[in-house]
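So the structure is just underneath, and the comments pick up after that.
The basis for the numbers below is simple: all heavy atoms, side chains too, and nothing from hydrogens, waters or symmetry mates.
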Amino acid sequence: MTTSTPAGRPASPRLRAAVRDIPAYVPGRPPAPRPGLPTYKLSSNENPFPPLPEVLAAATDAAARMNRYPDMGCTALYAALSERLAVPASHLAAGTGSVAVLYHLLQAYCEAGDEVVYAWRSFEAYPIAVSVTGARSVQVPLTDRDGAARHDLDAMAAAVTDRTRVVIVCTPNNPTGPAVGREELERFLDRVPPHVLVVVDEAYREFVRPVEAVVDAVELHRTRPNVVAMRTFAKAYGLAGFRVGYVVAAEEVAAAVRACALPFGVSSVAQAAAVAALGCEERLLERVDAVVAERERVCAALRDQGWRPPEAQGNFVWLGVGDRAAELAAAAEGAGVMVRPFAGDGVRVSIGEPAGNDVLLSVAARFAPPPS
């Protein structure tokens with residue numbers, strides 16, 4: 001509570017109410033060293049493979065020029081993305097991870113009293129990013145039919161009002177895993193007014209199978225100017241530590257995002273690594289195939305234990321244990337594995353090294369639901 005001086009002026013800085021009420025972002029915790037016990041971090045959706053030599057070399061070379069400011073225009077990165085995606089560079093806007101780009105977009109298009117619609121539970125940064133602008137989150141529950149934990153696009157379309165400025169569709173959905181199909185997304189887009197931006201968060205799109213089912217928001221944006229494709233180098237490209245994300249959007253939308261971005265936000269090292277990663281895309285996607293194969297092994301083992309996890313299309317698996325989330329996470333930590341609990345809902349387990357996944361499976365077996 002802010003106190004006042006005798007003259008009626010506040011005695012301390014007055015914090016905006018929207019900022020005061022922002023929920024805290026909870027990152028995946030790393031494991032603490034355990035003498036004699038191998039530990040594994042499955043609490044953050046990271047790529048378990050080390051960087052490719054070419055990517056590491058590009059980053060190291062860029063680091064040798066750390067006394068210089070980075071290219072604020074991300075010229076080389078935009079050129080590489082423009083060629084790879086067949087879009088004009090003017091349709092691109094980069095930031096320090098896709099989360100930062102989303103912050104910039106919401107700052108550009110939302111203000112107090114506006115609404116942002118998204119599914120819930122979904123990526124926990126969404127309510128934080130919305131709150132910073134003073135706008136209001138409209139959270140539409142995921143479908144719970146047979147534990148599907150999917151976007152309810154009909155309900156989301158019905159939640160759009162005259163105050164809605166942005167809709168966010170996370171596909172595959174973090175943390176539950178299912179992806180939105182191309183046809184259902186297009187039907188949804190047909191119901192959203194053209195002045196409402198639809199941000200399609202595709203952070204995990206490279207992990208979706210079959211490949212033919214993957215939503216491509218970049219293609220959708222070519223004929224639907226209100227569609228924004230949001231992507232990242234953190235997952236499939238293995239650059240989580242360098243923070244590079246971007247949007248592909250109509251020229252005026254991309255320009256608005258760039259206008260709200262912090263100057264020199266994406267470091268020289270991050271830009272160089274991202275360009276190098278694009279040049280090594282084929283080999284990086286082979287690693288994605290390996291993660292997908294391991295994901296399928298883990299899901300099959302969980303089903304054999306009696307679990308019925310939602311369709312896993314990211315690099316993680318969701319265990320809907322409800323109120324036992326903290327208990328399962330504590331048991332996993334005791335075995336040397338860190339997972340990401342969401343109180344009252346469930347536990348997200350990232351796909352990591354097979355040995356760590358095996359430890360997790362041994363813990364999960366103790367929490368498997370009884371046969372129905």
Side-chain angles (χ1 to χ4, degrees), residues 25 27 44-47 49-109 123 125 128-129 132-133 199 201-206 217-218 221 228-281 283-284 287:
Y25 183 89
S44 296
N45 292 335
E46 300 160 336
N47 192 315
F49 291 95
L52 289 172
E54 297 92 327
V55 177
L56 182 58
T60 302
D61 180 65
R65 297 183 295 279
M66 67 176 69
N67 58 306
R68 303 295 183 184
Y69 283 108
D71 174 13
M72 184 171 160
C74 299
T75 308
L77 176 58
Y78 287 165
L81 285 170
S82 178
E83 180 178 358
R84 168 67 181 81
L85 301 173
V87 298
S90 60
H91 287 223
L92 296 163
T96 52
S98 56
V99 173
V101 180
L102 178 63
Y103 271 64
H104 303 329
L105 183 141
L106 295 178
Q107 289 165 356
Y109 285 92
F123 184 31
I128 302 172
V132 168
T133 69
V199 177
D201 186 346
E202 300 181 296
Y204 303 94
R205 71 183 305 273
E206 293 88 355
V218 172
H221 111 281
V228 177
M230 188 166 73
R231 297 182 179 180
T232 181
F233 283 91
K235 316 302 180 185
Y237 293 87
L239 300 183
F242 281 167
R243 314 305 301 129
V244 189
Y246 63 96
V247 294
V248 182
E251 187 169 0
E252 62 273 18
V253 176
V257 174
R258 293 194 301 270
C260 291
L262 293 173
F264 307 109
V266 185
S267 73
S268 299
V269 176
Q271 291 183 45
V275 172
L278 283 172
C280 301
E281 189 175 54
R283 279 182 293 155
L284 289 170
R287 292 177 165 192

What pairs meet the salt bridge (Lys or Arg N to Asp or Glu O under 4.0 Å) rule with one or both residues in residues 81-106, with sequence neighbours excluded?
-> Arg84-Glu281

Would a 4.5 Å heavy-atom cut-off, applied to side chains only, mark Tyr25 and Val99 as touching?
-> no

Counting distance only, does the side-chain N/O of Ser82 pair as donor-acceptor with the main-chain N or O of Val87 below 3.5 Å?
-> yes

In terms of heavy-atom contacts, Gly95 and Val101 come closest through N-CG2, 3.4 Å

Using a cut-off of 6.0 Å, state whether more than 12 heavy atoms not belonging to Tyr69 lie near its atom OH.
-> no

Here the pair of heavy atoms bringing Phe242 nearest to Ala59 is CE1-CB, 3.8 Å

How many angstroms lie between CG in Leu77 and CG in Leu278, if you round to the nearest 0.5 Å?
-> 7.0 Å

Going from OG on Ser44 to NZ on Lys235, what distance comes out if it is rounded to the nearest 0.5 angstrom?
-> 7.5 Å

Which atoms form the tightest heavy-atom contact between Val269 and Ala62, and what is the distance?
-> CA-CB, 3.9 Å

Beyond-backbone contact of Leu102 with Phe123, side-chain heavy atoms, under 4.5 angstrom | no

For a side chain to side chain contact (heavy atoms under 4.5 Å, CB included) with Arg231, tell me which candidate from Leu85, Asp201, Val247, Val244 qualifies.
-> Leu85

Val55 and Cys280 have their tightest heavy-atom pair at CG2-SG, 4.4 Å

Compare all side-chain heavy atoms of Val253 with those of Tyr109 and state whether any distance is below 4.5 angstrom.
-> yes

Can you sort out the partners of Tyr78 under ring pair (Phe, Tyr, Trp, His ring centres under 6.0 Å), two or more places apart, ordered by chain and number?
-> none

Nearest heavy-atom neighbours spanning Ala229 and Glu202 = CB-OE1, 3.7 Å

What pairs with His221 under ring pair (Phe, Tyr, Trp, His ring centres under 6.0 Å), at least two apart in sequence or on another chain?
-> His91

Distance col, row Ser267:OG vs Met66:CE, nearest 0.5 angstrom, shows 10.0 Å

Is the side chain of Gln271 donor-acceptor paired with the backbone N or O of Ala76 at a distance under 3.5 Å, no angle test?
-> no

For the side chain of Arg65 and the backbone of Asp61, is there at least one donor-acceptor N/O pair under 3.5 Å apart?
-> yes

Below 4.5 Å, heavy atoms only, C-beta onward: do Ser268 and Arg68 meet side chain to side chain?
-> no

Candidate pair Leu106 and Val132, rule side chain to side chain contact (heavy atoms under 4.5 Å, CB included), full reasoning = CA-CA 9 Å; Leu106 295 178; Val132 168; over 6 Å; no

Please step through side chain to side chain contact (heavy atoms under 4.5 Å, CB included) for the pair Val228 and Val248, ending with a clear verdict.
-> CA-CA 6 Å; Val228 177; Val248 182; over 6 Å; no

Closest non-hydrogen atom pair, His104 against Val257 | CB-O, 3.7 Å

For Met72, enumerate each residue passing the side-chain contact (heavy atoms from CB on, under 4.5 Å) test, keeping only those at least two apart in sequence or located in another chain.
-> Pro263, Phe264

Could you tell me which residues satisfy side chain to side chain donor-acceptor pair (under 3.5 Å) with Thr75, sequence neighbours excluded, listed by chain and number?
-> Asp71

Stepwise side chain to side chain contact (heavy atoms under 4.5 Å, CB included) test for Arg287 and Leu52 | CA-CA 11 Å; Arg287 292 177 165 192; Leu52 289 172; 3.4 Å; yes

For Tyr103, all residues meeting ring pair (Phe, Tyr, Trp, His ring centres under 6.0 Å), sequence neighbours excluded | none

